[in-house]
There are 2 protein chains.
Amino acid sequence: MSTSRGARQPTIKEVATLAGVSPMTVSRTLAGGVNVRPDLQRRVMAAVAELGYYRNENARSLRPGQPSGLIGVAITNLANPYYGNFALGVEEVAAEHGRRIILGNTGEDPGRERQLVSDFIGRQVDGLILVPTSGDAAHLQQERLGDVPLVLASRRVPGLDVDTVLLDDVGGAYRGTVSLLDAGHTRIGFLGNRSSVFTGERRFRGYEQAMTERGAPIDPSIIARDQQDVDAASRAARAMLDHPEPPTAIFSANNRNTIGALREIGRRIRDGLPGPRPAVVSFDDFELSELMPVPVTVIDHDARLLGREAATLLFARLEGTAEAGATTVELPVTIAHP
Amino acid sequence: MSTSRGARQPTIKEVATLAGVSPMTVSRTLAGGVNVRPDLQRRVMAAVAELGYYRNENARSLRPGQPSGLIGVAITNLANPYYGNFALGVEEVAAEHGRRIILGNTGEDPGRERQLVSDFIGRQVDGLILVPTSGDAAHLQQERLGDVPLVLASRRVPGLDVDTVLLDDVGGAYRGTVSLLDAGHTRIGFLGNRSSVFTGERRFRGYEQAMTERGAPIDPSIIARDQQDVDAASRAARAMLDHPEPPTAIFSANNRNTIGALREIGRRIRDGLPGPRPAVVSFDDFELSELMPVPVTVIDHDARLLGREAATLLFARLEGTAEAGATTVELPVTIAHP
DNA sequence: GCAATGATTGGTAACGTTACCAACCGAAAG
DNA sequence: CTTTCGGTTGGTAACGTTACCAATCATTGC
């Protein structure tokens, strides 16, 4: 009836023997059955079912020219829902093309990224999608990757001219800051992160542009650009609100900083502490933002779409339908007022 | 200097030729270099660097007994931050054991799950970790999986006796409901989801147990158990609060239902609608729960830890250190009062 | 009835790697 | 000076699959 508990995987040869045909006939049947007699196909399928046979995809992709069907994906922080959605978008498009993803988490560590990339290549991935860390990029140079196409997401890498999907960081930050200025704020604090230099830098540039354009002073003492997690963001917000001349509004460059800032603002309200109740503009959406005790304007974007676009770019490259040079896609962001 | 742009991956044979040794010496060097003269090792490493050679892991694992180094992971919804954290936990432990994860999203579709599992096995995964969908489980029977160990997470599958990691759903729901009863509530609504039968069922049981024990009536007209997403949850909460005799508190069995309920409650408060402002107990944490306009008690748990435990169970099985029978680990939950 | 055609089937080799065995080397021991 | 031994190196085969070619079979047209 069936193999015993814990038996090793049967081979195509065993299936062939049981079905009374050659391995070639089994292979052909499983490949679609062109030019195989229907009765033989039935016998093969019966043997496959009985033995619980699965084609060995690794052996299959050993033959030259055969794709492995794997896409390597390395992201910086899977715990961040933003990247979970990103991975989902990549997975969806990969599945539509009959591929699976191998997923690695770099934790912003360039060494880990390097290690992941070489493992992925060793597993013969058909392509790579990467949210790069900000370290050295020698391991991503085309000559190191051989014929494996690479798509970068969220961030660009200096000196690396490859397909990239980005958000409109500058424009979004600009428009978000303008909305605060329009509401009459002129003293606007900035919370952001440093290490993911690329987005942090771009979002700061948008903020700076808007402030400068409207003649609002940029005061370094209410600019904090070194917070990676919620607790650090909370502390930075606390310091900012304890400033002798505190800001009346805060621009937060990402999800982690927004949550931290709101936690601190909420604490002050709950404890009845005096001081400003700053309006907040948040780059990155979060759930229930409409229920916050201060008005929160959200600069929203679609991480899942970003993942889908990255994968689409990759498959265009794989199928040869991509343009010759490196393409950059910059996805729009939307601003939702409270 | 280096291979040309877009060249195919070099083989071990080419490295051997360049280094002036046999492929065996290259293989041995890369495997750790036991019994290989240091000068030859240096020559090999130089050739590897020059050609940009990566060991072909697929060919490597073709030999019998060699592990592929891959763990197949299928989860139901990667967009849910809960599962993103779960995947991260699995990935961390897998990385500690030198393995990568292949990730697939089932979207609660049993057909997709079946397809993913057979692809994973075809890729010779060393093990499987699954958040099962609630369909038929024939494809998960041991005799179908051959020698590939399986660990289930979050949910159990009827008729499948394998290693499993669960949350203390019943106990958590019980204690959460008791906390509402202790606060004087007796009319408590229930929001939950049906299709992920297992957790939904268990959490309802905990609710039921607490209600019955305290003699609080269980009224089916304020029990809604069919919401999978935030919008459906919102609608269910609206109907519940429009009930002629609305509940004074709501037990929400998961994150999606909690967000939906709070969105509806917030809307009513903002619009100044009359009616109760129900207290909420939420199974699943969410950020900024302390800033909600009604008190929210959170039944919290660690999805990442759940992932780590699942992977730990799997590696115990792989390394033969696991017990003979199927193990079930039930992780505790914590209750955080507002 | 016979040749030509196309459909069907099987054998062989190769993909890139490593386990196993055989061969060789130099050095130490007798 | 020979033997022995451990360290070092290379050749061969096999892992499971499929492309390619050769062989076989039935069918059609003359």
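Excluded from the calculations below are hydrogen atoms, water molecules and symmetry mates; all remaining heavy atoms, backbone and side chain alike, are included. To find a chain, count down the sequence lines: A is the first, B the second, and so on, and within it residues start at 1.
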Report task. Considering non-hydrogen atoms only, spot the tightest contact between Val15(A) and Val44(A) and give its length. Result ->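 Residues Val15(A) and Val44(A), closest heavy atoms: CG1-O, 4.3 Å.
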Query - Taking every non-hydrogen atom, the tightest pair across Ile121(B) and Tyr54(A) - result: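 Heavy atoms only, the tightest pair is CG2-CD1, 3.5 Å.
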If you measure from the Lys or Arg side-chain nitrogens to the Asp or Glu carboxylate oxygens, is any gap between [X] and [Y] under 4.0 Å?
| X | Y | value |
| --- | --- | --- |
| Glu108(B) | Arg155(B) | yes |
| Arg304(A) | Asp302(A) | no |
| Glu91(A) | Arg99(A) | no |
| Arg112(A) | Glu92(B) | no |

Query raised in the report: Which residue, Leu62(B) or Pro23(B), contacts DNA chain D at a nucleotide closer to its 5' end, judged by nearest heavy atom?
Result: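 With Leu62(B) and Pro23(B) compared, the 5'-side residue is Pro23(B).
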Report task. Mind listing the residues from residues 32-43 of chain B sitting with a heavy atom below 4.0 Å of DNA chain C? Number order is fine. Result ->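 When residues 32-43 of chain B is checked for heavy atoms under 4.0 Å from DNA chain C, there are no hits whatsoever.
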Query - Terminal contacting nucleotides, 5' and 3', DNA chain C versus chain B (heavy atom, 4.0 Å) - result: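 Result: dG16(C) to dC20(C).
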Requested in this report: Quick one: label Arg28(A) by what it contacts on the DNA or RNA (base, sugar-phosphate, nothing), any heavy atom closer than 4.0 Å.
Outcome: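 Base, at least one base atom sits under 4.0 Å.
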Report task. Have a look at Arg63(A) and say if it touches a base, only the backbone sugar-phosphate, or nothing, with a 4.0 Å heavy-atom cut-off. Result ->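 Base contact - Arg63(A) has a heavy atom under 4.0 Å of at least one base atom.
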Query raised in the report: Counting only heavy atoms not in Glu319(B), do more than 12 fall under 6.0 Å of its CD?
Result: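 Yes, enclosed.
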Query raised in the report: With sequence neighbours excluded, what pairs up with Phe315(A) under the ring-ring contact (aromatic ring centres under 6.0 Å, His included) test?
Result: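 Counting only residues at least two positions away or on another chain, Phe315(A) forms a ring-ring contact (aromatic ring centres under 6.0 Å, His included) with His97(A).
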